[in-house]
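These notes concern the structure reproduced below.
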Amino acid sequence: MKKNNGATMIVATILVTLIILWQMAAQANVINGQLLGSPLGIYRSALIGFTKGQLLYDTWVTLVETLLGLVLGSGLGIVLGLMLWFYPRTSDIVEQFSILLNSIPKIALGPLIIIWFGSGMTSKIWLAGISTFAVAMISACAAAQEVDKDLLNLFKSFKAPRAMVFKKLIVPASVPWIFSIFRINIGFALIGAVVGEFIASESGLGHAVFVAGSLFDLNSVWLGVIILTLMAAVLTWVVQLIEERVVSWKVAQ
């Protein structure tokens, strides 16, 4: 715990130092603040955005799209990946298909999803879900196959039904993998939602960054990037917090 706190302090110190140097360089015209932005300019953009309420709304839209896409894609992928344990011969074929699906650049699917589901939140949710589905299925399938063989043989020695083995062994043993899947997929879901907002949308942080970039408003672009980074960090922290409580409850049981 002390090591983590020490590392956090070091990272925070480095970030604060870089921000101060960035602002000093912009004020001294050592760097072009118009092209690179400045911390003070980002702060002013944040004040304007929060005052008008548009920044909060855009953040909320992107957060909802990311969360729903994360739950939809990861949840479906995890369920299907674990269920493949019942069909070992089929799992290899489905896993290869999932790898093929995962290799497709999601940005290439963006225009199709926008055409099918419109420019509203639904298309962004689908893009976020598609971005997380394949990773979740591949990882869940691997989790089911990595179960302790001795425990599996023990269940078989008692001639336990496959449904019981799945419920009492496969699923509980996959819990750490499931949380890892969600942590990994937070970034993919966020990317999917933002890519959709870049292509066609009227709100969201991706839309705000795209518009700001078109107007050469680099401070607003940096602001959007910072909020997206903080969003990913907070979501990851929430998943880790839930994992700690669930795993501790599991151990206590």
Side-chain angles (χ1 to χ4, degrees), residues 1-67 69-70 106-107 124 128 131-132 179-180 182-199 201-245:
M1 196 70 177
K2 292 182 179 179
K3 291 183 178 180
N4 291 336
N5 291 335
T8 301
M9 288 298 297
I10 293 173
V11 172
T13 302
I14 293 173
L15 287 177
V16 171
T17 303
L18 290 175
I19 291 172
I20 293 173
L21 292 175
W22 182 9
Q23 181 59 42
M24 291 173 62
Q27 286 182 337
N29 293 322
V30 176
I31 61 174
N32 191 333
Q34 192 69 28
L35 291 177
L36 297 177
S38 67
L40 187 57
I42 296 170
Y43 173 72
R44 290 169 179 166
S45 296
L47 281 181
I48 295 173
F50 282 119
T51 301
K52 292 183 178 180
Q54 186 62 40
L55 186 59
L56 286 173
Y57 178 71
D58 287 335
T59 302
W60 170 253
V61 169
T62 302
L63 177 62
V64 171
E65 293 167 351
T66 301
L67 284 175
L70 176 67
K106 305 307 179 292
I107 193 171
K124 316 308 181 298
S131 300
T132 62
F179 280 105
S180 296
F182 275 105
R183 285 201 305 271
I184 293 171
N185 275 341
I186 286 172
F188 290 122
L190 195 57
I191 291 172
V194 171
V195 164
E197 291 171 352
F198 261 76
I199 296 173
S201 65
E202 296 179 357
S203 58
L205 290 173
H207 172 75
V209 169
F210 178 79
V211 172
S214 302
L215 298 175
F216 297 96
D217 183 2
L218 274 300
N219 290 317
S220 295
V221 172
W222 276 114
L223 178 60
V225 172
I226 291 170
I227 294 176
L228 287 170
T229 303
L230 290 175
M231 185 183 297
V234 170
L235 289 176
T236 301
W237 175 78
V238 170
V239 172
Q240 289 177 339
L241 183 63
I242 296 173
E243 179 182 9
E244 289 175 1
R245 297 194 175 186

Review point. For Ala128 and Glu65, which heavy atoms make the closest approach, and how far apart are they?
Key: CB-O, 4.0 Å

Check your understanding: Around atom CZ of Phe188, are there more than 12 heavy atoms of other residues, nucleotides or ligands at under 6.0 Å?
Key -> no

Point to revise | Interatomic distance, Ile191 atom CD1 to Asn185 atom CG [nearest 0.5 angstrom] | key: 10.5 Å

Study note, to complete from the structure: Output for pair (Arg183 CZ, Leu235 CG), nearest 0.5 Å, gives 13.0 Å

Review point. Knowing that exactly one of Leu15, Val11, Thr17 qualifies, which makes a side-chain contact (heavy atoms from CB on, under 4.5 Å) with Thr13?
Key: Thr17

Point to revise | Pairs satisfying side-chain hydrogen bond (donor to acceptor under 3.5 Å, both in side chains), at least one member in residues 212-227, at least two apart | key: Asp217-Ser220

Check your understanding: In Å and rounded to the nearest 0.5 Å, what is the CE to CD1 distance from Met231 to Ile186?
Key -> 11.5 Å

Check your understanding: Heavy atoms, side chains only, cut-off 4.5 Å: are Trp60 and Val64 in contact?
Key -> yes

**Study point:** Separation between CG of Leu63 and CD1 of Ile227, rounded to the nearest 0.5 Å
**Key:** 11.5 Å

Check your understanding: Does the side-chain contact (heavy atoms from CB on, under 4.5 Å) test come out yes or no for Val194 and Leu205, once each step is laid out?
Key -> CA-CA 7 Å; Val194 171; Leu205 290 173; 5.6 Å; no

Check residues 19-30 and write down every donor-acceptor pair under 3.5 Å in which the side-chain atom is one partner and the other belongs to a residue at least two apart or another chain.
unit_1	atom_1	unit_2	atom_2	d
Trp22	NE1	Gly37	O	3.1
Gln23	OE1	Leu40	N	2.8

Check your understanding: Is Val61 close to His207 at the side-chain level, that is, under 4.5 Å between some pair of heavy atoms?
Key -> no

Check your understanding: Rounded to the nearest 0.5 Å, how far does CG of Leu70 lie from OG1 of Thr132?
Key -> 6.0 Å

Check your understanding: How far apart are the closest heavy atoms of Gly224 and Val209, and which atoms are they?
Key -> CA-CG2, 3.8 Å

Run the side-chain donor-acceptor check on residues 48-55: report pairs under 3.5 Å with partners two or more places apart or on a different chain.
unit_1	atom_1	unit_2	atom_2	d
Thr51	OG1	Leu47	O	2.6
Gln54	NE2	Asp58	OD1	3.0
Gln54	NE2	Asp58	OD2	3.4

Review point. Do other residues, nucleotides or ligands put more than 12 heavy atoms under 6.0 Å from the CZ atom of Phe198?
Key: yes

Exercise for review: Supply the atom-to-atom distance Arg44 CZ to Leu223 CG, rounded to the nearest 0.5 angstrom.
Suggested key: 14.0 Å

